Amino acid sequence: MQTLLRPFAIKSPGDLARIGVILALAGLILFGALRYDNFLSPFNILSFLRYNSMFALIALGMAFVIITGGIDLSVGGTAAMASVVAALLSPYHWAAGLLGGMAAGLAVGALNGFIITKMRIQPFIATLATMLAAYGTGLLLANNQSVSVSYDTGFTVIGQDDFLGFPIPAWIGLVAYLLGWLVLEKLPVGRHILAIGDGEATAGLMGLKVERTLAAVYLASGTLAGLAGVILASQFGAGQPTEGVGWELFAIASVVVGGTLLTGGSGSVGATLAGALLLAMVFNILNFENGLGWISLSAYWQSVIRGAFLLVVVVLQAKLMTRQRSG
Amino acid sequence: MLLSMQGISKAFAGVAALKSASLEVEPAEVMALVGQNGAGKSTLIKILTGVYRRDAGDITFDGKPVDFTMPAEAQSAGIATIYQEINLAPQRSVAENIYLSREPKRFGMIDHAAMRRGAAAVLQTFNLAIDADRPVAHFDAATRQMVAIARAVTQNARLVIMDEPTSSLDEREVAVLFETIRTLKRSGVAVIFIGHRLDELYAICDRVTIMRDGQTVAKSPMADMPKMALVRHMLGKELAAFQAMAPDQDVPERPVRLAVDKAGAGVRVRDVSLNVREGEISGLAGLLGSGRTETARLIFGADRMQSGTITMDGRARAYREPADAIADGIGLVSEDRKIDGIVPDMSIRENMTLALLPKLKKAGIVDRARQDEIVTKYIRALGVKCASPDQPIKELSGGNQQKVLLARWLATDPRVLIIDEPTRGIDIGAKSQILKLLRSLADDGLSVLMISSELEELLAAADRVTVLSDGTSVATLPRRELSEAALLAAMAHQVE
């Protein structure tokens, strides 16, 4: 019995927050389903998943980075640049676009890892610099405008088509999250990532390969951002050098709402997905609310409401955690 | 021989930390490694475990020459280190901490079941019944230490290094730790035990290696090394040379200004009684870890006293925080200027009046004229060598920085000044200046409690000295009884 219940055992303050986000997500879905006619329609569900897979991918990489106690501000710029690279390469072969975009992301991730572990620059500063550089590179490559993708090589299939009834971006996201869960929960390196976030010096003294592990985490974050850029280009038919602004903040918000501590050493892949979906769901519900015709919220107001929602969630989590600690 | 380190030298930025130090450990023995702060113990251990690289010397472990470049290499060779600030990942479970970096695997994935079983088994050998799934942070210091030792055991360590393992343990926990060490010995594991509490060293260690000033100054079986001799080796004083210059001067018994009676808090301060008299310099002596600084913090209200009383001018006091003590006329110049004392980029003026600002306000604004007056007065009175009061304090020498700190407290007009290691990191000339300054302040009526680990300093400046050993005041020696020998004897806790 005890073994059966083990996955649900609350052992750390983070656990409670993680259960909270899943409950909140379920609550919002219930709310939407009861209030709006087409909320659970296949169209809404599929387009929701298709569009938000990009953000979920970035949040996954960000979760790993934040678990190590770091931050990756470059993901938005990286996605924008990767979308341009993918669009430019898409006429040659759909795979050229896919791999090229991912390679662009990988390159930024590798650079981040190098700057942070070898040159010992704070992740915040290092990725701030590469964020600016990535945006700039994207704009240069794109000549300051969006770059249309090729519709002949099948590149648009990646972002626009379905497989077994589900959008391909959603499949990509699902596979990425399963891999992420496997790495964090089942592979030694996942435990090492958590231990590094718990204390880098300690982890080093325990014989863990701190630098190599950190570099790999930033590499993964960059590559996932690159993949998100590929989906962006494929879904909207163009490489978009000016997209991606604020994506890193959305990703950080998703991770935090998912109960991962910004101080590192604790976090969960599943709750990160729930966090990303939760924030996206708020948008979706606001759109439906507009559709009812009683109120009309501009995108700016939506942003304000989302910010307020994030604040409420974070404050609630903090309260939960202090209660858990003292209790 | 399990471990042999010979002729180990190491310099940091041109300053020698180790000068041809040596250390030998046999299998299944507990080797005490002792020395004062800065004697080179930790540097030697860090070189052994691959944290630092040595400049010169040879290390053989298990008969083979070794040269570890990373802690991981030393670990896989069978050398485990348990640091003072127990190095475990606090949010990870006990089982994970035991196996971190060597997780049992099945098909490349962590075999959680095997890990749990293994952890339970090893904890069992130490009679530790805890839930290995709980995060390490849930447990107390002693249990965390056991977990760290369990980790070392599962690494098949042949040599376990323990850096002040008892510093945060109570008596019962120390007993459990010693039992664990004996278990290790029985299975052939050697232990290097770094510690300061003499009773503990004699209780658990087979041999002792004593270091001083970066050198190994004595090696001997524990049984052949009397406590007095051990302390003398650590402090490096030849008794005969000092007995000759023992002062013979009587001090009148002045009224007691600050009295501490049977003060206790935790394991660091157990039972401390001392008196600080009007216009006197009282010394507070003791080996590293004897509770000197902790006692000062108790008096100052920085830590909460759990038992005992403090009396100031005949009235019982309970300081809840330093502000209370300061209001009552107590000042504390702390040991580490860089950490607790100076604000390096601020000017001498600002550093000197930091504690005084609330009193310098006029309509909420700092009264610049009065500030100038005070700063000029103390720069002159203490002889602070500086270009101008607006020079950043970091540009001053250590001795002058200390004077500015001293001035900061003097400006608050204290009646009792506690000063922790007043001459640490200060050159010889400045040392005697600071001591003279303290003397003249005492002559003006100030009561000084001077904490020092330098015997010459206590002998030269103190009117009486209270000696702490293991958190307990074991002797108070008035000036006429003060001698190097008497102090050493009290420190070694062998008062007849």
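Computed from a prediction, not measured in an experiment: that's the story for all the values here. By convention in this document, chain letters (A, B, ...) are assigned in the order of the sequence lines, proteins followed by strands, and residues within each chain are numbered from 1.
Under a cut-off of 6.0 angstrom, the local environment of CZ in A:Arg212 is sparse, with at most 12 non-hydrogen atoms contributed by other residues, nucleotides or ligands. By the neighbour-count criterion of 12 heavy atoms within 6.0 Å, atom CZ of A:Phe124 is sparsely surrounded, having that number or fewer from other residues, nucleotides or ligands. Enclosure of atom CZ in B:Arg158 is not indicated, since only 12 or fewer non-hydrogen atoms of other residues, nucleotides or ligands lie within 6.0 angstrom.
Ranked by heavy-atom pairs under 4.5 Å with chain B, the first of A:Ala201, A:Gly199, A:Ala195 is A:Ala195. Of the listed residues (B:Met70, B:Arg151, B:Gln155, B:Arg102), the greatest number of heavy-atom pairs within a distance under 4.5 Å of chain A belongs to B:Arg151.
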**Report entry** Residues B:Ile110, A:Glu185; criterion side-chain contact (heavy atoms from CB on, under 4.5 Å); working and verdict
**Finding:** CA-CA 8 Å; B:Ile110 299 176; A:Glu185 301 296 333; over 6 Å; no

Query raised in the report: Should A:Leu205 and B:Val51 be marked as a side-chain contact (heavy atoms from CB on, under 4.5 Å) after you check the CA-CA gap, both sets of side-chain angles, and the distance that decides it?
Result: CA-CA 8 Å; A:Leu205 289 172; B:Val51 178; 4.1 Å; yes

Report task. Using the side-chain contact (heavy atoms from CB on, under 4.5 Å) rule, take B:Glu103 and A:Leu187 through it: C-alpha gap first, then chi angles, then the decisive distance, then the call. Result -> CA-CA 9 Å; B:Glu103 295 84 354; A:Leu187 298 188; over 6 Å; no

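Heavy atoms only, all atoms of each residue included: B:Ala89 and A:Met206 are closest at N-SD, 4.2 Å. Residues B:Arg92 and A:Asp198 come closest through the heavy atom pair N-OD2, 3.5 Å.
Side chain of B:Gln91 to main chain of A:Gly197: no donor-acceptor pair is present (N/O by atom type, distance under 3.5 Å, no hydrogens or angles).
Here CE of B:Met115 is found 7.5 Å from CZ of A:Arg191. Values are rounded to the nearest 0.5 Å.
Of the two parts of A:Ile196, neither the backbone nor the side chain holds a non-hydrogen atom closer than 4.5 Å to a non-hydrogen atom of chain B. Contact of B:Asp111 with chain A is not made at all, since no heavy-atom distance falls under 4.5 Å.
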